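None of these values were measured; they are calculated from a predicted model. Both backbone and side-chain heavy atoms feed into the values below; hydrogens, waters and symmetry mates do not. The chains referred to below are lettered A, B, ... by the order of the sequence lines, with proteins before strands, and numbering in each begins at 1.
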Amino acid sequence: MKLDSQCPSGPLAEKWNRHKFEMKLVNPANKRKYSVIVVGTGLAGASAAATMSELGYHVKAFCYQDSARRAHSIAAQGGINGAKNYQNDGDSIYRLFYDTIKGGDFRAREANVYRLAEVSVNIIDQCVAQGVPFAREYGGLLANRSFGGAQVSRTFYARGQTGQQLLLGAYSALAKQVGAGAVEMYTRTEMLDLVVVDGHAKGIITRNLTTGKIERHTADAVVLATGGYSNAFFLSTNAIGCNVTAAYRAYKKGALFANPCYTQIHPTCIPVSGEHQSKLTLMSESLRNDGRVWAPKNPADVGKHPDDISEEDRDYYLERKYPSFGNLAPRDISSRSAKEACDDGRGIGPGGRGVYLDFRDSIERLGEKTIRERYGNLFQMYHKITGEDAYKVPMRIYPALHYTMGGLWVDYNLQTTIPGLFAIGECNFSDHGANRLGASALMQGLADGYFILPYTIGNYLAQVKEKPPATDHAEFRKAEEDVTNRLKTLLNIDGTKSVLSLHKDLGNICWEKIGMARNRDGLEEAIKTIPELRERYWSDLNVLGSNEEFNQALERAGRVADFMEFGELLARDALMREESCGGHFREEYQTEDGEAVRDDDNFAFVGAWKYEGSNKAPSLHKEPLEYEEVKMTTRSYK
Amino acid sequence: MSLLNFFRTTLGLKIIMGVTGFMLFGFVVGHLIGNLQVFLGAATINAYAEFLHSLGKGLWVIRIGLIAVLVTHVWAAVTLAHRNRAARNEQYAENTSYKASVASRTMMITGSILLGFIIFHIFHFTVRNIPGLEYTAANYTEVMSDGETRFDVYNMMISGFSHWWVSALYILGMAALGFHLSHGVASAFRSLGLMTAAYRKIEEYFAAGISSSLVVGYSIIPIMVLVGVLHYERPVGGVEHASEAASPPSSITLNTKEAY
Amino acid sequence: MIVANPDIETKPKTGSHRIEIPLSKETSQPDSDEMTLHLRVWRQPSHDQPGEFVTYDLPGVSPDSSFLEMLDLLNEMLTNRGEDPVAFDHDCREGICGMCSLTVDGIAHGPEDEVTICQTHMRKYSDGDTLTIEPFRATAFPLVKDLAVDRGAFDRIIQAGGFISVRTGGAPDANLIPISKTISDMAMDAAACIGCGACVAACKNGSAALFTSAKASHLNLLPQGEVEKDRRVVAMVEQMDHEGFGSCTNTNSCEAVCPKGISVTNIARMNRQYALATLKGVTAKATQ
Ligand SMILES: Cc1cc2nc3c(=O)[nH]c(=O)nc-3n(C[C@H](O)[C@H](O)[C@H](O)COP(=O)(O)OP(=O)(O)OC[C@H]3O[C@@H](n4cnc5c(N)ncnc54)[C@H](O)[C@@H]3O)c2cc1C
Ligand code: HEM
Ligand code: HEM
Ligand code: SF4
Ligand code: F3S
Ligand code: FES
C-alpha cells in the first residue's frame with residue numbers, strides 16, 4: 001500500500017495557505033446537510049466538534065465519561081506552547097517548528113509540524129477570547145515560562161492546571177453548541193466499532209454505558225479524538241479509562257496504525273508503592289530545576305535512610321554522565337538513567353524502583369521558604385500521596401508511561417487510510433515524531449481541532465455526494481452483531497481472573513519488555529507471551545453481571561481485550577525498528593556510554609501497520625520521511 | 001417582566017429574604033433602642049410610646065408595612081424550604097451539613113420560634129388582651145404634671161415581666177432572635193451580594209456582634225425587672241415589689257391618682 | 001517511611017530485566033501495616049430500585065493505597081467471590097477530572113479538606129475502622145448505580161450560559177486586552193472548579209450555588225466575559241432552578257468539602273450580578 005501524505009507542494013512556509021486555497025469548500029447552505037461524528041471530547045475532540053458545528057455541520061459527539069469536560073486532557077499540568085514571541089527572546093514559528101522536529105528526533109513529517117507551529121499562535125488568541133485564565137504579569141500581559149529543553153520562553157500556563165483550563169474553554173465552546181441544539185452530545189457512551197460502507201467510514205456502533213444499549217450512528221464522516229494508549233502498560237499517568245479501543249477498532253477495519261513503539265516515559269513520577277497501585281501520578285518536571293537526582297552507589301545502601309548515606313556514597317548519575325545538562329537532561333535520557341540505576345540493584349523504596357530527587361542542597365542554598373514558594377503545591381501533593389515530607393527526606397521518583405506519539409496514520413488532511421475517517425489529537429501519529437516536547441500535546445490537540453480538521457474535512461465532504469447510509473444497512477447490522485457477540489463472549493467466559501489482574505499481567509510484560517529500554521530477545525518474548533496471555537484472557541476471565549446495566553467491569557474488559565492485541569503490535573513495531581530514536585530505545589543500538597544511535601539511512605520512515613486478519617501478522621507499510629527544510633543531526637545533551 | 005423573577009427563582013427569593021430580613025433587622029434594632037429607654041424612667045419611655053401612637057394613620061402604615069414584610073419574609077422562607085427539601089429528598093446515614101454552623105442549620109426553627117414569639121408579644125403588649133395579662137387604659141395611665149394623661153407603657157413592662165414565665169418566654173424569644181440573626185445578618189449580606197472576600201470576615205463578626213448585643217440588650221429588660229432593678233416608679237398601695245404582682249392589681253390605679 | 005527491599009540483588013547492567021514490577025502478590029513484600037476495615041457500602045442496582053447498606057469486612061488494605069484503590073481491592077474480593085462489584089465513578093485518580101464522587105461518613109470526598117476522594121489515602125484510617133460509604137445524594141443527581149450518580153445537570157447549566165460566545169477564528173491578539181493580575185488570579189481561583197458536585201452533595205439544600213457561581217464568576221470577572229455577563233448569570237440561575245437544585249442558605253458546607261477550595265464569596269458575586277441583571281430587566285431569553 002502506498003502511503004500518500006497529500007502534503008502540498010511549494011515552500012514549507014506557504015504549504016498550509018496554499019492548501020487551504022486549493023481545498024474544495026462546502027457551500028455554507030449545504031453544510032447543515034452534512035453530519036459528522038466526533039468520538040472523544042478532549043482538547044482535540046471538543047474543539048473540533050464545537051468548530052465544525054459553528055461552521056454549520058451537524059455534529060454528534062461522544063465520550064465515555066459522564067461529562068465532556070472530564071476527558072484526560074484535563075490532567076495536563078505544565079502548559080501549552082505558542083510561537084508568540086511575547087518575551088522577545090527570539091522565538092518564531094520557524095524556531096518552534098525546528099525545536100519540534102529536532103525534539104521528535106527527526107521522525108515527524110516536516111509539513112505537518114510547520115503547520116502546527118504556524119497555527120499555535122491562533123490557539124493562544126482563541127483560548128484567551130474564550131476566557132482561559134492564563135497566568136499574567138503585573139502589567140496585565142500574558143506570562144510565559146520555558147519548558148522541556150526549549151531555549152525560549154514560549155509556554156503559556158494557568159497555574160498547574162493548564163490542560164484543565166484549556167479543556168474547559170473547548171468544553172464551553174462545545175456546550176454552547178449543544179445548548180443551541182447544533183451538537184448532539186452523548187456522554188457515558190463508548191464507541192465499540194467503526195462502520196465502513198463501500199470503503200468509506202460512515203458510522204459507529206456505541207454502547208450506552210448506563211443501560212448497555214447498543215446503538216448505531218450514521219454520518220458522512222467520522223472523527224476519532226480518543227487519546228493515547230499508555231494504559232496498555234497498565235500503570236501510567238493516564239486516566240483509568242484511557243484506551244485504544246476506538247483506534248484499534250478502526251485499525252481492524254483497515255486504518256493503518258503508525259509508529260506504535262514511540263511511547264514517552266516521564267522521568268518524575270511518584271513511584272509505585274505496592275501491588276494496590278492503580279495508576280501513577282506525574283510531578284512537574286520543573287522540580288528538576290532545583291532537585292538533584294541520585295541513587296546510592298552501593299546496592300548495600302539501598303535499605304538505609306538517605307541521611308545515613310554519605311556524600312561519597314551517593315551517585316548523582318545525571319550530573320556525572322551529562323555534565324552540561326546535568327539534572328535537566330531530556331525526559332528519555334533521565335528516565336533511562338533511572339532505570340539503569342535500578343537495574344543495577346541500586347533503586348530505593350518499595351520494590352527497588354525509585355531514585356532520589358533531593359532538595360537538601362537547594363534548601364541549604366536558597367532556604368526552605370524559597371523552595372516552598374516555588375514548589376509548595378508539588379511538595380504537598382507528594383505528601384498527600386506518599387505521606388512523606390520532602391523538605392526533610394528526599395523525594396522518591398521513578399519514570400512512568402505518560403504519552404504515546406504513535407497512533408492512527410493520517411495524511412496532511414488528518415485523514416486515515418479509510419476515506420472519511422479522520423484522527424486528531426493524541427490518537428493520531430502526526431506531529432511529534434519519536435518524542436514529544438513538553439507542552440506540545442495540548443498545542444497539537446487544539447491545532448487539529450480548532451484550525452486544521454474543520455478545513456480539511458470540508459475538502460472530503462465536498463466530494464461526498466450521497467446521503468449517509470441508513471442505520472439498517474447491512475454493514476451496520478453486521479458491526480452491531482459483532483459488538484454484541486463480543487460482549488456476550490466476555491460475559492460468558494466465566495473464568496477465575498478479574499479484568500484488573502489480567503490487565504496488570506499485560507502491563508507487566510509491556511513495561512518489562514517494551515518499556516524504557518527494549519531489546520530483540522525481550523521483544524520476541526513479548527510477541528510470544530502476549531498472545532499466550534490473550535489466550536488466558538479469553539478463557540479465564542471473570543466478568544460478572546449483564547450487559548443491560550451499568551457494568552464497569554464489562555467496560556474495562558472490552559478495553560483490555562483490545563490492549564491484549566495491541567500490545568503485540570507495539571512489540572512488533574519496536575522489534576522492527578532497529579535503531580534507537582526518541583522514546584524508542586533499543587539496547588543493541590547505543591554508543592558505548594549509553595547514547596541512542598539513530599539510523600537515518602534505514603529507518604527514516606513512518607512505520608504503519610495494516611491489519612491482515614486475526615491469525616495473521618500485520619503488514620508493514622512505510623512512509624519515507626523526506627526533509628526539504630531541515631538537516632537531520634544527532635541530538636546531544638552531553 | 002423580569003422583576004417578577006425575584007418572586008420566582010431561588011436567587012430572587014433569597015434576595016427578597018435578604019431585603020425583608022434586613023428590614024426586620026432594622027426594626028429590631030430600632031425597637032431595642034426604643035425599649036432601652038425604660039432605663040431612663042417612666043416619663044421618657046412613656047413619652048416615646050405616646051409619640052409613636054401620635055403618628056395615628058402613620059403608625060398603621062408602619063404596622064401594615066411591617067406585617068407585609070414579615071409575611072413576605074416568612075412566605076419566601078417557607079417556599080424555599082419546601083424546594084430545598086425536595087432538592088435533597090434522601091439523607092445521609094450520618095454527619096450531614098459538614099462544618100455548617102448550628103445557627104445556619106436551624107433558621108427555620110429559630111424563625112418559627114420568633115414567629116410564635118412575635119404573635120404572643122403583639123397580643124401581650126400591643127393588643128394587651130391575653131387573659132390574665134390585660135393592661136387596660138383604665139389601669140395603666142400616667143397623669144403628667146400638666147394634667148394630661150398617656151398610656152403607662154413603663155408600668156405595663158414592669159408588670160408584664162414580673163411574671164417569671166413571661167420573662168422566660170421573652171428570653172427564649174430573644175435567644176431565637178440571636179441565633180436567627182447571628183447567621184441571618186451575615187447571610188443577608190451574602191444573599192444581597194454585598195459580601196466580598198475582603199469584607200467577609202468583617203461582616204461575619206458584625207453579625208455575631210450585633211446579634212449578641214441584641215440578645216443582651218433585649219434580655220436585660222426582663223432580667224432587670226425580675227431582679228428588681230427596674231420597678232414601679234410610683235409604688236402604691238401595698239404593692240412594693242413588682243415580683244409580687246401576680247396579676248395587674250387594681251390598687252395600681254391608686255398609683256395613677258387622677259385617673260378618673 | 002522509606003522501605004528497603006531486601007530482595008534486591010545486583011545484576012549486570014546490559015540485558016538485565018527484572019521480570020516483575022511489584023504488581024503481583026508474590027513479589028511485593030508483605031506490608032506489616034495492612035489493615036482490616038469494615039465497610040458499610042450503599043448498594044442500589046439502579047435509580048428506580050430501592051437501595052440499602054451492605055457491610056463488608058475488607059482485609060489487606062495498605063495504608064499507602066488511595067481510597068479508590070481500597071475500593072478496587074474490595075471489588076477484586078467481591079468479583080472473586082462471585083458477587084457484583086461496587087460501581088463508583090472515577091477516571092483520572094489525580095484530583096482533576098472531577099469524576100470521583102462519593103461520601104465517607106457523610107462527608108463528600110471524605111475526611112480530608114481540599115482533597116478529592118481519589119487523592120485521599122488510607123493512612124488516614126486505622127485498623128478496625130468502620131467506614132460508611134454513600135453516593136452523592138441530591139435530587140438533581142439521580143443515581144446510576146451504587147455510588148455512581150448522574151451529574152448531567154451541571155452540563156446543562158453550562159450549556160445555558162457558561163461560555164463566551166466566540167466563534168473559532170477571528171479572535172483578537174491575546175495581548176490586546178491587558179487584564180490585571182488580581183482579576184486574572186480571581187478568575188483562575190473560580191475556574192479551578194472541577195465540576196465534581198461535592199458542593200451539591202454536602203449542601204443540606206442540595207444547592208448548586210457554589211458550582212454555578214464559580215463558573216459564572218470565572219467568566220464574568222474577565223473583560224472577555226463582560227459583554228454577556230447579565231444574560232449569562234440569569235440563564236445559568238434559571239437552569240440551576242430548572243434542574244431542581246435547592247437554594248443557598250449560606251451554610252458553607254459546600255466550601256468546606258470543595259476539593260478546590262472554591263470560596264462562597266463567589267455565591268455573593270452571583271447573587272449581586274443576578275440582582276443587578278434582573279433589575280436591568282434582563283431575562284434568560286432576552287438575547288441569544
Ligand atoms: C498527567 C499528564 C500531564 C500532561 N501534561 C501535559 C502538558 O503539560 N502539556 C502538554 O502539551 N501535554 C501534556 N500532556 C499530554 C496531553 O494532555 C494529552 O496528550 C492530550 O491532552 C490528549 O488530548 P486528546 O484530545 O487527544 O485526548 P483525551 O483528552 O485523552 O480525550 C480522549 C477522549 O476520547 C474519549 N474516548 C476515548 N475512547 C473512547 C471510546 N472508545 N468511545 C468514546 N469515547 C472515547 C474520552 O472520553 C475522551 O473524551 C499530559 C498528559 C498527562 C497524562
Ligand atoms: C417570623 C418568622 C421567621 C421565620 C420563619 C424566618 C425564617 C428565616 C429563614 C428560613 C431564613 C433563611 C435562612 C438563611 O438564609 O440562612 C431567614 C433569613 C433571615 N431572617 Fe428570618 N425568619 C423569621 C423572622 C425573622 C425576623 C423577625 C427577622 C428579623 C428580626 C428575621 C431576619 C432574617 C434575616 C436577616 C435573614 C437573612 C436573609 C438572607 O439570608 O438573605 N427573620 N429567616
Ligand atoms: C424585651 C424585649 C421587648 C420589649 C420590652 C418590647 C416591648 C414592646 C412594647 C412595649 C410594645 C408596644 C408598643 C406600643 O404599642 O406602644 C412592643 C410592640 C412590638 N414589638 Fe416589642 N418588645 C420586645 C421585643 C421585641 C422583639 C424581639 C420583637 C421582634 C422580633 C418585637 C416586635 C414588636 C412588634 C412587631 C411590636 C408591635 C409594634 C406596633 O405595631 O405597635 N418586640 N414591644
Ligand atoms: S465548586 Fe468545588 S465542590 Fe463544587 S463542583 Fe466545583 S470543585 Fe466540586
Ligand atoms: S452548603 Fe449549601 S446553603 Fe449555600 S453556602 Fe453552600 S450552597
Ligand atoms: S478521579 Fe478524577 S478527580 Fe477523582
Side-chain angles (χ1 to χ4, degrees), chain A residues 51 54 65-67 69-70 74-75 124-126 128-131 133 136 138 140-142 158-159 164-165 172 175-176 178-179 210 239-241 272-276 278-279 281 299 302-303 305 343-345 349-352 384 387-388 450 498 500 504 508 511-512 542 544-545 550 552-553, chain C residues 1-5 8-11 13 16-17 19 21-23 25 28 62 64-65 69 72-73 76 79 84-85 87 90-94 96-99 119 123 144-145 151 155 158-160 162-164 166-168 171 173-175 178-181 184 187-188 191 195 219 222 224-225:
Chain A
T51 306
E54 284 167 10
Q65 293 94 342
D66 72 337
S67 165
R69 68 183 302 295
R70 305 204 203 281
I74 202 109
I124 306 302
D125 297 342
Q126 181 64 27
V128 167
Q130 283 172 342
R136 287 179 184 265
Y138 281 101
L141 300 183
L142 292 163
R159 302 220 176 119
Q164 180 199 27
Q165 293 311 315
S172 69
K176 179 185 73 163
V178 175
T210 323
I240 304 294
V272 175
S273 64
E275 59 162 310
H276 54 261
S278 59
K279 76 152 287 173
T281 303
V302 291
H305 190 279
D343 285 343
D344 273 358
K384 256 186 245 163
E388 290 169 19
Y450 282 133
S498 71
L500 190 74
K504 281 183 184 180
N508 255 331
W511 180 245
E512 284 305 319
N542 177 16
L544 298 168
F550 186 60
Q552 292 172 307
Chain C
M1 222 196 32
I2 308 283
V3 193
N5 185 352
I8 288 194
E9 2 137 43
T10 317
K11 284 192 181 169
K13 180 174 154 191
S16 83
H17 288 286
I19 309 296
I21 48 172
L23 291 174
K25 195 100 198 166
S28 76
S62 159
D64 286 331
S65 63
E69 284 164 351
D72 287 345
L73 189 68
E76 285 295 284
T79 307
D84 195 23
H90 62 102
D91 203 23
C92 74
R93 297 205 176 184
E94 51 183 88
I96 193 73
C97 75
M99 187 97 174
Q119 287 275 71
R123 62 180 76 86
V144 173
K145 184 181 174 186
R151 289 161 289 183
D155 283 329
I158 301 300
Q159 286 156 17
F163 49 79
I164 293 175
V166 283
R167 307 174 117 258
T168 304
D173 185 87
N175 259 345
I179 304 174
S180 90
K181 189 164 157 38
S184 136
M188 182 62 216
L219 299 177
L222 295 169
Q224 285 83 2

Cation-pi check, K181(C) onto Y138(A) ring (under 6.0 Å, within 45° of axis)
yes
Checking [X] against chain C: side chain, backbone, both or neither under 4.5 Å from a heavy atom?
| X | answer |
| --- | --- |
| Q552(A) | side chain |
| Q126(A) | both |
| L544(A) | side chain |
| Q130(A) | both |

Are K504(A) and E275(A) ion-paired here, with the side-chain N under 4.0 Å from a carboxylate O?
no
Electrostatic pair K279(A)-D72(C), nearest N-O below 4.0 angstrom
no
Among the listed options A553(A), A75(A), P133(A), S67(A), the residue most often paired with chain C at heavy-atom distances under 4.5 Å
P133(A)
Of all of A175(A), S498(A), G545(A), which one pairs up most often with chain C through heavy atoms under 4.5 Å apart?
A175(A)
Interface residue of largest heavy-atom contact number with chain A, from [options], under 4.5 Å:
| options | result |
| --- | --- |
| M99(C), Q119(C), E94(C) | M99(C) |
| L222(C), T79(C), I179(C), V166(C) | I179(C) |
| Q224(C), M188(C), R93(C), E76(C) | M188(C) |

With a 4.5 angstrom heavy-atom cut-off, which part of L219(C) approaches chain A: side chain, backbone, both or neither?
side chain
In Å, rounded to the nearest 0.5 Å, how long is the span from CD1 of I74(A) to CD1 of I96(C)?
6.0 Å
Does the side chain of T168(C) come under 3.5 Å of the side chain of E54(A) through a donor N or O and an acceptor N or O?
yes
